[in-house]
Amino acid sequence: MSDEITLTLPDGSEKRVAAGTTPLQVAEQIGPRLAQAAVAAKLNGAVIGLGTPLQQGGEFSILTFKDPEGRDVYWHSAAHVMADAVVRLFPQAKPTIGPAIEEGFYYDFHMDRPFTDDDLARIEAEMQRIVAADEPFTCAYLSAAEARRRYEALGNEYKTELVADIVALENGLEPPRGREAIERFEAEHEREYEQVRVSIYDHGQFSDLCRGPHIPSTGRLKAFKLTSTSGAYWRGSEMNPMLQRIYGIAYPDQKLLDEYLERLEQARQRDHRKLGRELDLFSFHEEAGAGLPYYHPKGAMLRYLVTEFATREHLKRGYQLLRTPHLIKSDIWYISGHAQQGYPMYYTEIEGQSYGIKPMNCPGHILIYKTHKRSYRELPLRYFELGTVYRHERSGVLHGLLRVRGFTQDDAHIFCTPGQLNAEIIGVIDFADFMLRTFGFEHFQVYLSTRPEKSVGSDEQWEMATNALISALNEKGLEFDIDEGGGAFYGPKIDVKVRDAIGRMWQCATIQCDFTQPERFDVTYVGEDGQEHRPVMIHRVVLAGIERFLGIMIENYGGAFPVWLAPVQARVLPITDKQLDYAAEVTRTLRDAGFRVELDESSSTLGAKIRDAELQKLPYSLIVGAKEAEAGTVAVRHREQGDLGPVPLADFMARLAEENAPGK
RNA sequence: GCCGACGUAGCUCAGCUGGUAGAGCAGGGCACUUGUAAUGCCCAGGUCGUCCGUUCGAAUCGGAUCGUCGGCUCCA
């Protein structure tokens, strides 16, 4: 008697059901296991709740925790349950927003005090009760006016602000900001408030303004954990009040939660700050300043190997080496426009003149370009510098080598004609791809960042530059995401992020087009026509900050560097003192051949020497006892493969030489 | 910068509610001369981040400061 609708399932098959059937019922018809795993559904691209009656047919799928959208629904529901628990325990807490995030969820509360670890344990216990009660999530629609009255009664100004946002959004109006603006907005749009409908999701006694959808009931949350608390500004702005945030994670299975916690532990094990200490690579000194790293012999060697390789590869590609001072008169930064953006960040005075410590290398390279008249025949001109810059990072964001105040970039500026732009950008993309792969990264994500609000230059320039980047990406057949407004103030850019061994993404290479600096500094070249023209400038880094790159690299390799990057490639371990002479000879031979080798002269047992070499993650240990000394061999032990048996020293050298190649 | 937590020997950490510090590893010495992830014994090592307070008395309490750690628009 009721109308039927047709659902097209993901496998292409069609299913006819009565209009008004819920997705949960559909899932049950498909199979009980699916019904059990279901968290939400998708109809024609829109995520809907399992209890939403289907009124029309179309592309239909059941979402489980395995689907990214399903995961979001699951985590967002967990956030509601957490908010419920918090409000039960702390009636003074005002819920604000609580979204699902990449891994887990959070909820921000306006609170009279921060949450403590004890609070978290209590909140978790309360959540357990809510889950055990298996309360169904239900959805109701209210007029925005009604919702506003409710939240005003509760004294929750954050939610009334969100209601105002929804009303504004629905009517194509600018969302009001600030108490007064919101009150004015409410007064001026009473009619709209009556017309706009907002959804409210309830479970048990808890009710929250929410777009939804949610899982069918709280009992679906199986394994969860509240992971941390922190302060967080309302809407992320320092101008707004600080709220108290609680982070959590939830999974439909305890096993998955355990795996997540295991992943966190793995990340801790390969933390570059921990490895930096254990492998004696670098240190920071409270008495010498935050965010300023000190490289120990092994860390400095690692850094040397990286920069030496980078320099050679630049020279191969026609870049020329530059070196510019760290201190530059402040006037320069006004010409470049950096001063207006807050750069440089450290100043000093010399004989009454203001100088700034360079935060960027570009003006220096421009000065060198301008030392004589340039012909189009010289272009493209590629200037490369391992340029050390200093920037004031806020104390709260410093983080090991990944976020420092003084760092060296593999920085280059390419001056070229507009016609050469495309080929140059492609060249840089290829270069970056080669370099990052050589250092062991295989997965990349590319972003194109467009004009930010605070920017210089004309619309035409921005369009031209943006198009040049897009066409280069298209020519390389690279997929990319667009970061609207994420560009530098002087031009659009391409960013390349790499994925490390445990799945985290790190920003490395960036390629920035710049039509404005050449103008500001009046940079020119003489064209074929004998007239002066304006070159285009490309700012680009591949590894970006060397410090940061080392940090990423250390974590990616987990401290076990490949032979070509290992600060110490092999350690010679004599079994007894009687082999010390032979061991020293082996060490000398290897060093003469250019390998990085150490000799263990301690009087420890062999087992202890091996253990120490393993903990230092050295690629090879060469054990020499009486037999080896006699035969002129070394017993090779590999970091991962263990004992490989005795071989003539020459054979081992051949093996090491082969593995010593970049990228091996 | 803001919120919270933390700061004890080179490293990892113990030190209830205030009574002036302890372990393991690392380091030094001695013995052992060892065949693929820790030989034994002995020794030394800390103004408990720094400064100022409270107290008869502070590593323990309060404040400031420096530093470290986790966060600070993935938006109903």
Side-chain angles (χ1 to χ4, degrees), chain A residues 72 75-76 79-80 95-108 111 113-117 119 144 147 151 156 158-167 169-170 175 198-201 208-212 227-247 268 271 273-274 277-278 280 283-291 392-400 573-580 602-616 621-628 635-639 641-646:
Chain A
D72 280 357
W75 282 335
H76 184 52
H80 272 233
T96 67
I97 59 166
I101 54 178
E102 247 171 56
E103 277 213 302
F105 58 89
Y106 69 77
Y107 211 112
D108 284 347
M111 242 326 247
R113 66 167 179 83
F115 293 105
T116 65
D117 286 351
D119 293 337
Y151 285 114
N156 190 328
Y158 303 95
K159 292 290 185 185
T160 54
E161 182 171 333
L162 293 174
V163 171
D165 275 8
I166 299 166
V167 172
L169 193 70
E170 295 278 316
V198 302
S199 54
I200 301 278
Y201 277 79
D208 200 5
L209 175 73
C210 179
R211 178 165 44 199
T227 49
S228 64
T229 60
S230 82
Y233 299 105
W234 169 240
R235 292 182 185 280
S237 166
E238 295 164 40
M239 309 303 286
N240 292 333
M242 181 161 277
L243 308 171
Q244 297 304 323
R245 175 171 298 182
I246 303 176
Y247 285 93
R268 257 194 296 280
D271 189 311
R273 293 166 298 185
K274 179 175 148 71
R277 200 167 39 241
E278 291 173 355
D280 201 11
S283 57
F284 289 90
H285 298 272
E286 181 176 347
E287 62 272 39
H392 179 78
E393 297 291 346
R394 299 195 295 176
S395 57
V397 305
L398 297 175
H399 183 97
L573 315 182
I575 293 177
T576 77
D577 291 355
K578 295 196 179 65
Q579 289 85 47
L580 260 177
S602 71
S603 64
S604 316
T605 57
L606 179 62
K609 289 176 185 174
I610 287 173
R611 181 168 193 271
D612 189 55
E614 289 283 346
L615 290 176
Q616 287 294 306
S621 295
L622 303 178
I623 291 116
V624 295
K627 285 180 279 183
E628 286 77 15
V636 179
R637 183 189 164 94
H638 185 269
R639 179 170 57 193
Q641 296 156 22
D643 190 0
L644 300 179

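Chain identifiers are assigned alphabetically (A, B, ...) following the order of the sequence lines, protein sequences preceding nucleic acid strands; residue numbering begins at 1 within each chain.
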Whole angstrom is fine here: how far is it from [atom1] in [X] over to [atom2] in [N]?
| X | N | atom1 | atom2 | answer |
| --- | --- | --- | --- | --- |
| A/Trp75 | B/C74 | CH2 | C1' | 12 Å |
| A/Lys274 | B/U68 | NZ | C1' | 16 Å |
| A/His399 | B/C72 | NE2 | P | 13 Å |
| A/Glu393 | B/C2 | CD | P | 17 Å |
| A/Arg639 | B/U36 | CZ | C1' | 17 Å |
| A/Phe284 | B/G49 | CZ | C1' | 18 Å |
| A/Leu398 | B/C69 | CG | P | 8 Å |
| A/Arg245 | B/U73 | CZ | P | 6 Å |

Which residues share a salt bridge (Lys or Arg N to Asp or Glu O under 4.0 Å) with [X], sequence neighbours left out:
| X | answer |
| --- | --- |
| A/Glu103 | A/Arg263 |
| A/Arg639 | none |
| A/Glu238 | A/Arg394 |
| A/Glu286 | none |

(request) Walk me through it: do A/Cys210 and A/His76 pass the test side chain to side chain contact (heavy atoms under 4.5 Å, CB included)? (result) CA-CA 10 Å; A/Cys210 179; A/His76 184 52; 3.1 Å; yes
Considering every strand shown, what is the Watson-Crick or G-U wobble mate of [N] when both distances are under 3.5 Å?
| N | result |
| --- | --- |
| B/U55 | none |
| B/A23 | B/U12 |
| B/G18 | none |
| B/G35 | none |
| B/G45 | none |
| B/C72 | B/G1 |
| B/C6 | B/G67 |

(request) Please identify each residue that fulfils side-chain contact (heavy atoms from CB on, under 4.5 Å) with A/Pro175, with sequence neighbours left out. (result) A/Asp165, A/Ala168, A/Arg177
(request) Applying side-chain contact (heavy atoms from CB on, under 4.5 Å), name anything that partners A/Ser395, two or more places apart in sequence or on another chain. (result) A/Arg405
(message) Is there a side chain to side chain contact (heavy atoms under 4.5 Å, CB included) between A/Arg113 and A/Asp119? Walk through the geometry before answering.
(response) CA-CA 11 Å; A/Arg113 66 167 179 83; A/Asp119 293 337; 2.8 Å; yes
Contact class for [X] vs. all strands (heavy atom < 4.0 Å): base, sugar-phosphate, or nothing?
| X | value |
| --- | --- |
| A/Ser199 | base |
| A/Ala626 | base |
| A/Tyr201 | nothing |
| A/Ala635 | base |

Which pairs, protein N/O on one side and nucleotides 44-47 of chain B N/O on the other, fall under 3.5 Å?
none

For the [atom1] atoms, the ones on [N] and on [M], what distance do you get once it is rounded to whole angstrom?
| N | M | atom1 | result |
| --- | --- | --- | --- |
| B/U47 | B/A58 | C1' | 13 Å |
| B/G19 | B/A59 | C1' | 12 Å |
| B/U60 | B/C3 | C1' | 25 Å |
| B/C16 | B/U73 | C1' | 44 Å |
| B/G7 | B/C11 | P | 14 Å |
| B/G22 | B/G15 | P | 15 Å |
| B/A37 | B/C41 | C1' | 23 Å |
| B/U8 | B/U12 | P | 9 Å |

(request) Give a yes/no answer on whether the side chain of A/His638 brings an N or O atom under 4.0 Å of OP1 or OP2 in B/U36. (result) no
(request) State whether A/Arg273 places a side-chain N or O below 4.0 Å from either non-bridging phosphate oxygen (OP1 or OP2) of B/C69. (result) yes
Nearest-neighbour nucleotide for the [X] side chain, [options] considered:
| X | options | value |
| --- | --- | --- |
| A/Asp643 | B/C72, B/U36, B/G67 | B/U36 |
| A/Ile97 | B/U73, B/C75, B/G35 | B/C75 |
| A/Val397 | B/C74, B/U34, B/C72 | B/C72 |

Within this structure, what is the [atom1]-[atom2] distance for the pair [X] and [Y], rounded to the nearest 0.5 Å?
| X | Y | atom1 | atom2 | answer |
| --- | --- | --- | --- | --- |
| A/Leu622 | A/Glu628 | CG | CD | 10.0 Å |
| A/Ser199 | A/Leu209 | OG | CG | 7.0 Å |
| A/Leu243 | A/Tyr233 | CG | OH | 11.0 Å |

All N/O pairs under 3.5 Å across the protein-nucleotides 38-40 of chain B interface:
residue: B/A38; atom: N7; partner: A/Arg611; partner atom: NE; Å: 3.0
residue: B/A38; atom: N7; partner: A/Arg611; partner atom: NH2; Å: 3.3
residue: B/A38; atom: N6; partner: A/Arg611; partner atom: NH2; Å: 2.6
residue: B/A38; atom: N1; partner: A/Arg611; partner atom: NH1; Å: 3.4
residue: B/U39; atom: OP1; partner: A/Thr605; partner atom: OG1; Å: 3.2
residue: B/U39; atom: OP2; partner: A/Thr605; partner atom: OG1; Å: 2.7

(request) Report the residues that fulfil side-chain hydrogen bond (donor to acceptor under 3.5 Å, both in side chains) with A/Asp208, sequence neighbours left out, ordered by chain and then residue number. (result) A/Tyr107, A/Lys159
(request) For A/Tyr247, enumerate each residue passing the side-chain hydrogen bond (donor to acceptor under 3.5 Å, both in side chains) test, keeping only those at least two apart in sequence or located in another chain. (result)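 Only A/Arg245 meet the side-chain hydrogen bond (donor to acceptor under 3.5 Å, both in side chains) criterion with A/Tyr247.
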(request) Would you mind telling me which residue lines up with the more 5' stretch of RNA chain B, A/His392 or A/Asp612, judged by nearest nucleotide? (result)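 Going by which nucleotide is closer to the 5' end, it is A/His392.
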(message) Any N or O donor-acceptor pair under 3.5 Å from the base of B/G71 to the side chain of A/Tyr233?
(response)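 A donor-acceptor contact between them is absent.
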(message) Taking atom types as they are modelled, would you say the side chain of A/Glu628 forms a donor-acceptor pair with the base of B/G35 within the 3.5 Å cutoff?
(response)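 Check passes, donor-acceptor contact within cut-off.
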(message) Are more than 12 heavy atoms, taken from residues, nucleotides or ligands other than A/Gln641, located less than 6.0 Å from that residue's CD atom?
(response) yes
(request) Identify, with sequence neighbours excluded, every residue that meets ring pair (Phe, Tyr, Trp, His ring centres under 6.0 Å) alongside A/His638. (result) A/Tyr620
(request) Take nucleotides 3-17 of chain B nucleotide by nucleotide from the 5' end and write B, S or -, depending on whether a protein heavy atom sits under 4.0 Å from the base, only from the sugar-phosphate, or from neither. (result) BS--B---SS-----
